[in-house]
Structures are given as C-alpha cells and as structure tokens.
Asker: 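Mind having a look at this structure? Questions to follow.
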2 protein chains.
Amino acid sequence: MKLSTKGQYAVRAMVVIALEEHAGPVPLRMIAGMEDISEQYLEQIFMDLRKEKLVEGVRGAKGGYLLSRPPEKITTGDIVRAVEGPISVVECDHAAGQCERVHICVTRDLWLRVSESMRQVMDDTSLADLAECARERNYKGE
Amino acid sequence: MKLSTKGQYAVRAMVVIALEEHAGPVPLRMIAGMEDISEQYLEQIFMDLRKEKLVEGVRGAKGGYLLSRPPEKITTGDIVRAVEGPISVVECDHAAGQCERVHICVTRDLWLRVSESMRQVMDDTSLADLAECARERNYKGE
DNA sequence: ATTAATCCGAGTATAACGCTCGGTTTTATT
DNA sequence: AATAAAACCGAGCGTTATACTCGGATTAAT
C-alpha cells in the first residue's frame, strides 16, 4: 500500500516549481539540490509529467520546467496518476470476467471504496494548496 | 499504492471462515480450493493472523481455523494490518528528525490524510459486513 | 496405525524499485 | 564562434520485495 518514491518525489518537485517558477523555468538541478533527490532520477519522473502535460520543458541554458497549468488546476491526484498510473489499491479488472467467485465481488467493493477515498483526498488537494502551505511555514528559499 | 496479494488473500480467506465456521474449524485446504490460492502460501498468511490473535488454529484431523472474535469485532483494517503492517501510504517517520525541508512537511500532511482516509474505510468494514454481503449475493457453498 | 491437519524454518525465481551511465540536442551567454 | 547549461532519451543494473515452494515436525481424530 505504499506510494513509491517516484510519486512522493514528483509531488515534492512540483511544489518547488510552483514556488519558484515566477523567476522563470526551474531546472532539475535546482530541485535536486533543494530536495536531495538524484537529478537523473528526476529526469525520468519529468518525462512522465511532461507526457501527461503537467509541465513543459524549456531547453537550453536558462531552461528548466514550468507548470503547464496554474497550480490551482493541478491536483496531487493528477501528479500521482502521471507517474504511477491509476490510483487504486488493487489491479483494476472491472472487465475481466473472473468474478464468478462471490467473495471476490464482496472484497472488490471494499477495495473500490478504499481507492475512491484516496482519490478524493488527492484530487481535492491542489498544488496551490501545498504551495501556500509551504509559504506559510516560513519557506524562504531555505 | 497496491495492496499485496497477501492482504487481499487474507481478507478473502477470513470471509470464508466467517461463512463456514458454524460447521467447525475450517481447514486451509478448503479455503485454498474455494478461493484458488496456494495452500502453503495461506499457511504463511495464517501465521500472521494467528500472531495477531484474529484466528486460532485447531491442530490434528478435523482441525482448521476459527475466528477468535465474533466477525462484528474484526475489521478489514485489523486483517490488513496483521499481514501488511501499518496502513500508511508512506514510511512512517514521525520521530525521525529529517523534517528540516519544508515540503516534506507539507506533503507529509497530505500523505497522512490519505492514509487516514484509507484506514477509516477499512476500520469501518467488519468481517460480518462482508460475510452478510456474500450471503445476500447467493452464496450457497457454490 | 493412519491420516488430516496445523505448525515452522528455509529456499527461490521473478518482478519491481530506485537508481546510474552515456550520449544527443537545444539555446543563452561570452 | 565557442562554451556551457540545460532538457531529452535509451539502456543497463544492483538490491529488495513479492509470491510463492519444499521438507519436515507435531498434534489429534478415526
């Protein structure tokens, strides 16, 4: 039931961009330094984020990444889905007709409810919320 | 964010016991057959369930497992915790003083809220609930 | 005595995770 | 024009966790 580091890093990295992009594209090197995450691993993560159109890369010197939507319009659910796939506690097999055994059905309802509750929290928390929270808590580039 | 098969199997197995224990201890072989789960893997799972006092084993011929509390008093949260440890979406490090970086704090709140919402659903669903649901859905030994 | 079961410690193949490496391309700056 | 900083990209790779299996010992009903 654990979120991989990929998902956690992605959210933390996105918060940094939300906080810093006012000064232009935010390079991965900066995020890596601030958050103590491997820059090369971040590259992989940002491939996913870019494919899902959550960020856009600016190449060349002075380049980096920008949010492709205002932070109010990006939820943590969006970010997690981009790097980890569907938010679900079990492999999703609505279609698969292996539902002949009763208890599978019974427990499936349960897992769907659990997954849904996770999604609600994540889809209800935007990057703007996290960024604001970070600012309140004395965030000052240090 | 996926639950391992261990957690899923554990819940399914416990539902079977809840449904069948009126006729005496339920052997793993029976559960394995009904749910199509490896009997030896079930053994491991039931070690955990027993250690957490959710079931008690009856040895010898005609033996098997019984719930050690009425099914109303056993939640799916209890079962999952028994076999997978704490229900949390991140490694729990309240104590660890590595919380100097703001955003860790910011995101930690989020992950705690997500974890808590999962726990609420699981702790609110008892074995009795699942068993009843299974009976309603035409469960008749087949 | 036999058989059906739990109990228990090890081992093991596969897959996922958490990266690293080496390179290409693009662009601002000098 | 040269340099440097950055995104972009494909591959590889060690470690850990998952999802089991194996071989036995013990217990108890028939």
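Numbers restart at 1 for each chain; the letters A, B, ... are given by sequence-line order, proteins then strands.
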Asker: Once salt bridge (charged side-chain N to carboxylate O under 4.0 Å, His left out) is applied, what residue pairs with a partner in residues 77-86 of chain B remain, sequence neighbours excluded?
Answerer: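 Qualifying pairs, neighbours excluded: Arg69(B)-Asp78(B), Asp78(B)-Arg81(B), Arg81(B)-Asp123(B).
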Asker: Mind checking what makes side chain to side chain donor-acceptor pair (under 3.5 Å) contact with Thr125(B), not counting sequence neighbours?
Answerer: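 Once residues adjacent in sequence are excluded, the partners of Thr125(B) under the side chain to side chain donor-acceptor pair (under 3.5 Å) criterion are Arg113(A).
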Asker: To the nearest angstrom, how far is Lys51(B) atom NZ from dG9(C) atom P?
Answerer: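 To the nearest whole Å, that distance equals 7 Å.
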Asker: Expressed in angstrom and rounded to an integer, what is the separation of Ile17(A) atom CD1 from dA6(D) atom C1'?
Answerer: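 The answer, rounded to whole Å, is 14 Å.
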Asker: What does Phe46(A) touch in the nucleic acid at a heavy-atom separation under 4.0 angstrom: a base, only the sugar-phosphate, or nothing?
Answerer: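 Counting heavy atoms under 4.0 Å across all strands, no contact is made by Phe46(A).
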Asker: How long is the line joining CG of Leu28(A) and C1' of dA6(D), in whole Å?
Answerer: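 One finds 9 Å between C1' of dA6(D) and CG of Leu28(A), rounded.
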Asker: Can you give one letter per nucleotide of nucleotides 15-26 of chain C, going 5' to 3': B for a protein heavy atom under 4.0 Å from the base, S for sugar-phosphate only, - for none?
Answerer: ---BBBB---BB
Asker: So, the side chain of Glu72(A) versus the backbone of Ser126(A): is there a donor-acceptor pair under 3.5 Å, distance only?
Answerer: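 No, the answer is negative, given that no donor and acceptor are paired below the 3.5 Å cut-off.
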Asker: Expressed as a whole number of angstroms, how long is the span from Ile45(B):CD1 to dC8(C):P?
Answerer: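 So the two atoms are 17 Å apart, to the nearest Å.
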Asker: Please report, rounded to the nearest Å, how far the P atom of dC8(D) is from the CZ atom of Arg29(A).
Answerer: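 Distance check: Arg29(A) CZ to dC8(D) P gives 15 Å.
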Asker: Within this structure, what is the CD-to-C1' distance between Glu56(A) and dA7(D), rounded to whole angstrom?
Answerer: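 Distance, rounded to whole Å: 13 Å.
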Asker: Write out all pairs satisfying ring-ring contact (aromatic ring centres under 6.0 Å, His included) with one or both partners inside residues 32-54 of chain A, taking only residues at least two apart or from two chains.
Answerer: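 Applying ring-ring contact (aromatic ring centres under 6.0 Å, His included) to every pair that reaches into residues 32-54 of chain A, excluding sequence neighbours, yields Tyr9(A)-Tyr41(A), Phe46(A)-Tyr65(A).
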Asker: Apart from Val58(B) itself, what residues make up its hydrophobic cluster when side-chain heavy atoms of I, L, V, M, F, W and Y under 4.5 Å apart count as a link, directly or indirectly?
Answerer: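 Besides Val58(B), the cluster holds Leu66(B).
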Asker: Determine which pairs satisfy ring-ring contact (aromatic ring centres under 6.0 Å, His included) with at least one residue from residues 10-33 of chain A, sequence neighbours left out, and list them in order.
Answerer: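 Checked against ring-ring contact (aromatic ring centres under 6.0 Å, His included) - neighbours excluded - no pair reaches residues 10-33 of chain A.
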Asker: Nearest whole Å is fine: how far is dC7(C) C1' from Arg50(B) CZ?
Answerer: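 Distance, rounded to whole Å: 7 Å.
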Asker: Between dA19(D) atom C1' and Glu91(A) atom CD, what is the distance in whole Å?
Answerer: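 So the CD-C1' distance, Glu91(A) to dA19(D), works out to 14 Å.
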